[in-house]
Every structure is written in C-alpha cells, then in structure tokens.
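Taking it in order: structure first as structure tokens, then the write-up.
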Amino acid sequence: MSKRFSTLDTTRLLFDHPKMLFRLIERMDRNEARYILESDLVAEVMDYTRSLGKADRDRVRLAMNTENLFRSGLIIDIIKAEGERRLVFQDALINLMRACNASLYQELTDARLRGHLVTLRDVRDRLEVSSFSDVDLDYTELRDDLNERVSQLIGLLRQNVLRMQTISAQLADLSGDASREPEKYLEFRHNLFEQIVTLYERHIKPTLVFLNPDTRLPDGSNLFETLEAMVRLLESHDDHGLADQLFRSAISLNALYKPIQAVAQEVEHFLRKTRRGMAQYNAMEHFYGKLRELKGETETLSLRRKWLEGGEFARSTGFLVGLRAQQRPKNYAFGNSSSYYQLIFSELELRLSDLRRKSEAPVLQEVEGSGRHARIDVKRINQLYQWLDSLDLRPTNDLVRELHGRLDGFIPGYRFPDLLSALNRLVNSPPEGMRVMTSNRFRALEQPESNEQFVYRKRRLENDTRDAEHSDLEQEKRHA
C-alpha cells in the first residue's frame with residue numbers, strides 16, 4: 001500500500017486528534033510494555049472516529065493505518081509474537097505526547113533511578129581519567145554526555161513532580177465517581193487503595209530516597225555525592241564554567257525534594273485514613289452479619305421468640321457489656337421555679353463577694369514534695385484555713401466541686417492536696433448552723449494542665465435543723 005500521508009502530515013493529524021494516542025500510551029503503561037498491540041490501535045481508531053464526520057473519519061483512519069505509520073517512520077518496528085502484531089512507536093513521538101499530557105508521565109521507579117545514578121557514576125569515573133583538554137574529542141564528547149544526562153534527569157524529575165501534584169485532583173474525581181455509583185463503592189475503594197499503595201511504595205518513596213542528600217548506599221555514593229565529586233574535579237582542572245553549571249543543577253535537584261515530600265505526606269495521610277476506615281467498615285460488616293443471624297433465629301412460627309439471644313455475642317464483643325449501666329448525658333435546661341432562681345442568685349452573690357476580696361486572697365507557696373518543707377506546709381494550711389473561715393457558703397449537693405470552683409483559678413498556688421485539706425477542715429469544723437453529710441457515691445475532678453485526677457466521695461452541705469429543734473425544745477421547757 002502506498003503512503004497516503006507524509007510524516008509531517010501524519011504527525012500533524014495525530015496532534016489534531018491526540019486522545020487516541022493518549023489512551024494507547026496509558027494502556028501501554030498499565031501493561032508495563034514498550035509496544036502497542038495492533039488490535040488495540042484498530043479498536044481505538046474505530047471507536048474514536050465513529051463520532052466524526054465522513055471526511056475527517058476517512059483522513060484519520062488513513063493516517064492511523066499501520067502501513068502508513070510504518071512508512072512515515074512513526075512506527076520503527078513491527079513484532080509478530082503469540083499470533084499478534086506488536087507496534088513499537090518512535091520514542092520521540094511517545095515522549096512528546098507525554099509532554100502534552102501530565103497524566104502520561106512515567107513514574108520513576110527504583111530501578112530507573114538506580115540506572116540514572118549508575119550512569120552518572122560511570123561519567124564520574126571516566127572524568128577522573130580524562131585529559132580535561134578542549135582539543136581532546138573524548139573530553140568534549142564526555143562533557144556533552146554529562147550535560148545531556150543531568151538535563152534529562154532534571155526533566156524527568158520535574159515531570160514526576162507535576163504528575164504527583166495532580167494526585168489530589170484525581171482522588172477527588174475518583175471519589176465523585178464512587179459516590180455516583182454506590183453499588184461499586186467497595187470495588188472502587190479496594191482498587192483505589194491498591195493504586196495509591198503502589199504509587200507510594202514504587203514511585204514516591206524511591207524518589208525521596210534518591211533525592212535525599214543524607215542517603216547512604218551500600219554500593220557507592222549517592223546522587224549529590226557523585227555530582228559534588230565531579231564539581232571538585234572540574235574546579236581542580238580550571239573548568240569553572242561546567243563546574244558552575246553542574247553545581248546549579250545539583251541545587252535544582254535538591255529543590256525538588258520538598259514538593260515530593262509534601263506529596264508523600266499527603267499520600268501517607270490518605271493511606272492511614274483509608275486503612276482505618278476499611279478496618280472500621282469490615283468490623284461493622286462482621287458484627288452486623290452476626291446480628292442478622294441472631295435476628296433470623298427469632299423469625300420462627302413461635303410467637304415467644306421475640307428477643308435476641310445475644311448473651312454470648314455481647315460477651316465476645318466486650319463493648320456491649322455493662323452498656324445499660326453507663327450514665328447517659330443529661331440535657332441542661334433552665335428551671336422555672338423560684339428556688340431555682342434563688343440558687344442562681346445566691347451563687348452569683350458568693351462569686352461576686354469572692355471577687356470583691358480578690359486582693360485579700362492568699363498566695364500559697366509552692367512546695368516540691370511532702371515531708372521536706374514542714375514549715376511551708378503548715379503555713380499553707382493556716383493561710384487556707386483563714387480564707388475558708390472567711391468564705392460564705394450555701395447548702396449544696398456537692399461540697400467538693402463547690403470548693404474546687406471557689407479555689408481553682410482564684411487562689412494562686414492552689415492544687416488538689418489543698419482541696420483535701422479544705423475538705424477535712426469543713427468536715428471537722430463545719431460552718432455555724434450547717435453540717436456535712438457523706439454519701440457512698442464517688443465522683444472525680446480533673447486538671448488537664450497537670451494531668452491530675454482527684455477521686456472523692458460525694459458530700460452534701462446542708463442546714464443543721466437539729467440546732468433549731470433543740471432551741472425550740474428549750475423554749476418550750478422554759479415556758480412550761
């Protein structure tokens with residue numbers, strides 16, 4: 001078949017309709033191959049041109065014909081293997097298509113990075129025995145090879161940085177697709193997790209290690225040590241132009257480390273979140289299946305089977321045991337009774353009286369440990385007792401919490417042992433006309449800044465009616 005289009009016309013037509021080759025390159029990368037199957041090429045061309053007009057459809061099909069691509073030099077080889085024809089395209093064409101689409105950049109794997117490093121080491125070894133003379137063709141050829149290798153490496157790494165920085169947008173698109181198809185959510189999540197793990201383990205981590213100047217390799221120097229050695233060699237032989245250029249290239253390579261590190265942190269966060277979410281989802285599915293089995297056992301003809309026999313299930317899970325004994329959160333609501341408002345006003349009056357005497361509040365001296373500063377402890381207790389004797393107290397259901405609220409943040413140097421001392425003082429010497437009643441219910445107070453917890457027995461402070469009854473009896477006796 002004669003050539004219908006020239007190489008220029010065929011290439012121009014390929015770039016006018018680039019989606020065909022984009023998809024073929026993406027499929028080639030997915031299969032980790034260096035060729036494109038002729039059957040895939042024909043299927044892609046037929047599918048793409050179906051929506052075109054007749055003139056454009058004929059032109060594209062003629063240009064993408066295998067014979068035309070081979071005669072125009074865009075296909076450099078046709079391999080027949082396993083009953084199929086494999087088409088090997090020009091590397092220049094494939095690389096140019098990759099440059100036009102950031103998603104087609106080939107991620108650098110550990111093997112490819114090691115190949116670039118081995119090549120640079122070989123250039124360094126050849127440079128050590130070079131003549132460093134501009135009239136020596138071997139040296140000038142070596143300089144050109146070094147510039148080409150370093151420029152190619154910088155270009156590949158920059159392409160991969162751009163490719164990695166599009167991961168967030170791709171994750172958002174994939175998540176949107178999954179939300180529109182809930183029935184395929186599990187399959188999507190599994191496939192996405194595998195893709196991200198492969199990207200992180202096979203591409204991002206090796207690139208970080210390759211660009212880390214502190215990396216130690218068992219087989220020799222790392223990238224920056226190799227470049228630094230060549231810079232020293234060139235400077236020692238007065239080739240400062242190439243040395244400065246190589247030094248700037250090393251700085252450019254070092255600057256690529258931070259954006260890749262940012263992508264790595266983002267992917268690590270995604271993996272941790274996804275792994276935790278998958279574990280939680282699997283746990284819920286597992287126990288939900290067990291509950292469905294227990295419910296199915298109740299769906300019999302016997303009307304007495306209306307309860308789940310879940311005793312063994314509750315003991316096996318652990319978190320259900322004692323669930324009914326847990327206190328439920330109580331709604332906080334304002335009361336409408338007069339006693340409620342009297343309680344609020346009395347509390348406000350007590351707090352305001354404390355604030356009026358703020359200047360008289362004692363400063364409790366700090367102590368390092370008990371038993372070592374007896375004088376300081378006695379002084380602290382006396383200061384605290386004097387302040388307690390001057391406080392106005394009202395009846396309350398929780399004396400400990402009331403005292404803590406009156407002392408914490410108000411008395412400088414206050415700590416939990418001071419609360420215990422104040423409580424003992426009021427229990428042994430309650431305010432006049434009042435008494436302290438102890439219950440068997442326990443409560444706890446916490447101080448987040450010191451990570452301390454004070455567990456106490458709940459105590460009530462109430463009016464002592466026994467004194468009033470005793471005085472009434474005395475008056476009756478006197479009248480009698």
Side-chain angles (χ1 to χ4, degrees), residues 11 76 90-102 104-166 203-264:
T11 305
I76 59 175
Q90 279 277 5
D91 287 339
L93 176 63
I94 298 297
N95 292 334
L96 193 56
M97 298 300 292
R98 293 186 191 278
C100 297
N101 190 347
L104 296 180
Y105 291 150
Q106 281 188 305
E107 291 88 354
L108 288 172
T109 61
D110 185 57
R112 291 174 181 167
L113 291 171
R114 300 278 293 191
H116 285 283
L117 181 58
V118 169
T119 302
L120 289 176
R121 287 176 182 172
D122 178 65
V123 173
R124 178 200 58 190
D125 296 339
R126 291 160 55 194
L127 195 62
E128 290 178 350
V129 296
S130 178
S131 62
F132 294 94
S133 174
D134 292 337
V135 297
D136 187 358
L137 296 179
D138 292 336
Y139 175 67
T140 56
E141 183 179 343
L142 181 60
R143 289 183 54 178
D144 296 338
D145 188 24
L146 175 59
N147 290 328
E148 182 182 357
R149 299 288 182 184
V150 174
S151 300
Q152 183 180 7
L153 178 60
I154 293 176
L156 288 174
L157 288 171
R158 284 179 176 169
Q159 289 176 355
N160 277 264
V161 169
L162 295 174
R163 173 69 176 91
M164 292 176 185
Q165 288 176 342
T166 60
H203 306 299
I204 295 180
K205 281 182 66 175
T207 308
L208 280 177
V209 173
F210 183 74
L211 291 176
N212 190 351
D214 298 327
T215 301
R216 293 293 177 265
L217 301 177
D219 58 340
S221 59
N222 60 28
L223 172 65
F224 294 98
E225 290 174 348
T226 305
L227 294 177
E228 186 179 355
M230 286 190 284
V231 170
R232 288 197 302 265
L233 280 172
L234 293 170
E235 288 180 345
S236 62
H237 291 82
D238 297 331
D239 195 345
H240 298 287
L242 184 56
D244 292 341
Q245 181 179 347
L246 202 58
F247 178 74
R248 288 191 296 268
S249 299
I251 294 177
S252 300
L253 289 170
N254 193 19
L256 295 173
Y257 181 81
K258 285 188 176 180
I260 297 179
Q261 189 180 32
V263 174

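A donor-acceptor pair is defined here as one N or O able to donate and one able to accept, closer than 3.5 Å; such a pair exists between the side chain of Ser252 and the backbone of Arg248. Looking only at distances, a side-chain donor or acceptor of Thr140 sits under 3.5 Å from a matching main-chain atom of Leu137. Counting only distance, with no hydrogens or angles, the side chain of Arg121 and the backbone of Ser221 share a donor-acceptor pair below 3.5 Å. Checking side-chain atoms of Ser130 against main-chain N and O of Arg126 turns up no donor-acceptor pair under 3.5 Å.
Minimum interatomic distance between Thr215 and Val209 (heavy atoms only, all atoms of both residues): OG1-O, 2.8 Å. In plain terms, the two heavy atoms of Phe210 and Leu157 that are nearest each other are CE2-CD1, 4.5 Å. For the pair Arg216 and Glu225, the tightest heavy-atom approach, listed with the atom from each and the gap, is NH1-OE2, 3.3 Å.
Residues Tyr257 and Asn212 form a side-chain contact, since some pair of their non-hydrogen atoms from C-beta on lies under 4.5 Å apart. Between Glu141 and Asp145, the closest side-chain pair of non-hydrogen atoms is not below 4.5 Å. Residues Leu227 and Phe247 are not in side-chain contact: their nearest non-hydrogen atoms beyond the backbone lie 4.5 Å or more apart. Contact of the Leu120 side chain with the Val150 side chain is registered, since non-hydrogen atoms from C-beta on lie closer than 4.5 Å. Contact annotation: the side chain of Asp239 approaches that of Tyr139 to within less than 4.5 Å [non-hydrogen atoms, C-beta and beyond]. The closest side-chain heavy-atom distance from Ser131 to Asp138 is not below 4.5 Å. In this structure, the side chains of His116 and Leu156 come closer than 4.5 Å at one or more pairs of heavy atoms. Between Leu113 and Leu117 there is no side-chain heavy-atom pair separated by less than 4.5 Å.
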**Message:** Would Leu127 and Phe132 count as a side chain to side chain contact (heavy atoms under 4.5 Å, CB included) here? Give the steps.
**Reply:** CA-CA 8 Å; Leu127 195 62; Phe132 294 94; 3.9 Å; yes
**Request:** Check the pair Gln245, Leu146 against side chain to side chain contact (heavy atoms under 4.5 Å, CB included), reporting the backbone distance first and the verdict last.
**Result:** CA-CA 11 Å; Gln245 181 179 347; Leu146 175 59; over 6 Å; no
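Heavy-atom neighbours of Glu148 CD from other residues, nucleotides or ligands within 6.0 Å: at or below the threshold of 12.
Of the candidates Asn254, Val231, Ile154, Ile154 is the only one forming a side-chain contact (heavy atoms from CB on, under 4.5 Å) with Ser249.
Glu235 CD to Asp244 CG: the interatomic distance, rounded to the nearest 0.5 Å, is 7.0 Å. To the nearest 0.5 Å, the span separating CZ on Arg112 from CZ on Arg114 amounts to 16.0 Å. In this structure, CG on Leu234 lies 4.5 Å from CG on Leu242, to the nearest 0.5 angstrom. Rounded to the nearest 0.5 angstrom, Glu228 CD and Leu233 CG are separated by 11.0 Å. Atoms CG and CG, from Leu153 and Leu223 in turn, are 6.0 Å apart once rounded to the nearest 0.5 Å.
Taking the charged nitrogens against the carboxylate oxygens, Asp122 and Arg149 have no contact shorter than 4.0 Å, which rules out a salt bridge.
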